[in-house]
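Residue numbering restarts at 1 for every chain, and letters A, B, ... go by the order of the sequence lines.
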Protein chains: 2
Amino acid sequence: MSDNGRVPTNKPDTEPAAQREAKPTAKKKPQVTPSPERRRELLDTAAEVFAAQGYNATTVRKIADAAGMLAGSLYYHFDSKESMLDEILSAFLTELWEGYDAVLAAGLGPRETIEALVTESFREIDRHRAAVAIYQKESRTLSAQPRFHYLSDSQQKFEKAWLGTLERGVAAKVFRADLDIRLTYRFVRDTVWVAASWYRPGGQHSPDEIARQYLSMVLDGIALRPT
Amino acid sequence: MSDNGRVPTNKPDTEPAAQREAKPTAKKKPQVTPSPERRRELLDTAAEVFAAQGYNATTVRKIADAAGMLAGSLYYHFDSKESMLDEILSAFLTELWEGYDAVLAAGLGPRETIEALVTESFREIDRHRAAVAIYQKESRTLSAQPRFHYLSDSQQKFEKAWLGTLERGVAAKVFRADLDIRLTYRFVRDTVWVAASWYRPGGQHSPDEIARQYLSMVLDGIALRPT
DNA sequence: TAACCTACCAAACACTTGTTAGGGAAGTGA
DNA sequence: TCACTTCCCTAACAAGTGTTTGGTAGGTTA
């Protein structure tokens with residue numbers, strides 16, 4: 001994606017902890033225990049609204065509307081609008097890196113690694129369309145905030161994985177050596193992730209088919225060459 | 001770009017008109033005449049802030065800060081935050097279409113047309129980086145508003161030009177016929193315009209050099225093929 | 001029945017938002 | 001000197017913002 005890095009700090013762990021203990025130093029959230037299923041539901045609708053309107057343009061009242069409740073009621077489940085965003089993004093990144101790490105650990109050749117990463121990316125777009133769209137729009141500004149520093153971490157790890165693979169490919173003479181490698185990296189990265197802005201699940205092509213055609217274009221180009 | 005269409009309605013003309021006449025039916029803006037140069041200056045700083053923070057996250061007070069004045073003072077030059085955005089985007093689109101129309105009228109072959117359009121696009125990104133970034137982030141949501149309907153118009157015209165050229169190229173056997181043409185369109189379109197998110201003028205590569213390498217990747221792919 | 005918990009509502013809070021109204025200082029032209 | 005214009009400031013406005021507080025209906029457990 002256009003701005004990413006380390007595998008996210010395991011938010012899903014730190015937060016339930018805060019709920020369980022309810023230390024006297026922690027100011028908010030008494031010992032209520034909202035169900036995780038309902039939280040997931042609400043996060044999904046929140047993600048849709050964020051993706052459609054943009055995070056800042058989305059009011060908590062709009063989210064509540066979409067969820068069929070009043071604004072204040074959201075605060076039974078979450079302690080702020082920001083932490084909804086946080087949970088949406090970190091959940092997405094956690095799952096993304098599960099897939100990526102598996103690919104990177106498989107010991108494939110450079111070309112096959114790129115193919116697997118692209119395919120995996122389109123599958124993530126398919127599964128987390130809203131989260132990816134939010135990430136695309138907001139990550140640049142968010143990563144300045146300490147709370148969302150894990151976005152920068154992820155971005156760095158992301159760049160290392162892709163750039164490294166491309167460099168391996170150049171060394172192994174499977175990728176062209178006459179291109180600026182960082183330009184190539186941004187090219188491949190962006191072409192994949194912008195797709196989240198137009199992709200709709202259940203469309204004409206499956207994620208794997210889109211990945212196949214994208215890879216064909218990126219690797220071999222769109223020009224017809226004489227046989 | 002990712003969401004575009006017709007050449008913008010000539011805003012630059014309708015508005016000075018409204019100022020000159022000052023009809024009794026027009027509610028606001030008395031007969032003051034702010035200098036166009038100062039307006040341009042302020043629009044440039046506003047565009048930078050919009051691009052950096054996002055339109056909705058940008059308060060008029062932040063713009064005023066960046067311009068070294070107070071929020072209310074902006075309303076001497078503009079009648080709303082929204083009309084600043086309007087002017088930024090329509091000025092950009094006007095210039096963009098000047099370049100595009102010249103290319104399309106030149107009667108080039110399909111491949112040469114794509115090359116010229118891509119090169120022109122990177123030059124526009126170089127000149128209107130902020131406006132392009134704003135356009136990328138906000139056009140999807142804005143085009144729903146009647147005021148910004150010219151964004152949809154531009155998007156349609158844009159798609160027609162690029163898709164038509166690609167189809168001509170397939171018919172002329174200079175582009176591959178085995179790809180989904182709409183996928184190809186989005187691929188080429190997005191690869192070009194996302195560049196606005198990372199491009200900084202005065203960087204390592206000139207716009208023309210970036211265009212050259214991008215074209216090389218898009219047309220011939222990044223894979224090294226046996227000679 | 002009583003106690004308790006979950007999930008929401010009703011109503012307000014302090015603050016920020018875009019915008020406006022009434023100036024006033026500095027310059028220009030007569 | 002006077003009138004006028006340009007450009008900004010001060011101070012406020014109403015609406016909308018995220019968030020909190022104190023409930024309460026309905027279910028579950030004892």
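Both the sub-6.0 Å distance and the 45° axial angle are satisfied by A:K81 relative to the ring of A:Y55.
As a whole-Å value, the separation of A:M69 CE from C:dT6 C1' is 12 Å. Distance CZ (B:R39) to P (D:dT6): 14 Å, rounded to an integer number of Å. Across the protein-nucleic acid pair, B:D79 atom CG and C:dT20 atom P stand 8 Å apart, rounded to whole Å. Between B:L85 atom CG and C:dT19 atom P the separation is 12 Å, expressed in whole Å. One atom, CZ of A:F78, and another, P of D:dT20, lie 15 Å apart when rounded to the nearest Å. Between the CE atom of B:M84 and the C1' atom of C:dT17 there is a distance of 13 Å, given to the nearest Å. One atom, CG of A:L70, and another, C1' of C:dC8, lie 8 Å apart when rounded to the nearest Å. Between B:D65 atom CG and D:dC9 atom P there is a gap of 11 Å when expressed in whole angstrom units.
In this structure, B:H77 reaches the D:dC8 phosphate: one of its side-chain N or O atoms is under 4.0 Å from OP1 or OP2. Residue A:Y76 places none of its side-chain N or O atoms closer than 4.0 Å to OP1 or OP2 of C:dC8. Remark: A:S35 is not in phosphate contact with C:dT6, judged by side-chain N or O atoms under 4.0 Å from OP1 or OP2. For the pair B:Y75 and C:dT19, the criterion of a side-chain N or O lying under 4.0 Å from OP1 or OP2 is met. Within the structure, a side-chain polar atom (N or O) of B:S73 is placed less than 4.0 Å from OP1 or OP2 of D:dC9.
In this structure, A:R129 pairs ionically with A:E48, as a charged nitrogen and a carboxylate oxygen lie closer than 4.0 Å.
Residue A:F122 forms a ring-ring contact (aromatic ring centres under 6.0 Å, His included) with just one option from A:W193, A:Y214, A:Y199, and that option is A:Y214.
Under the 6.0 Å cut-off for aromatic ring centres, B:F158 and B:Y100 qualify, their centroids lying closer than that.
Counting any heavy atom pair closer than 4.0 Å across all strands shown, A:T59 reaches sugar-phosphate atoms only and no base atom.
Scanning atom types as modelled, one donor and one acceptor separated by under 3.5 angstrom connect the side chain of B:R61 and the base of C:dG18.
The shortest side-chain heavy-atom distance between B:R189 and A:W198 falls under the 4.5 Å cut-off.
Residue whose closest nucleotide on DNA chain D sits further toward the 5' end, between A:G72 and A:A57: A:A57.
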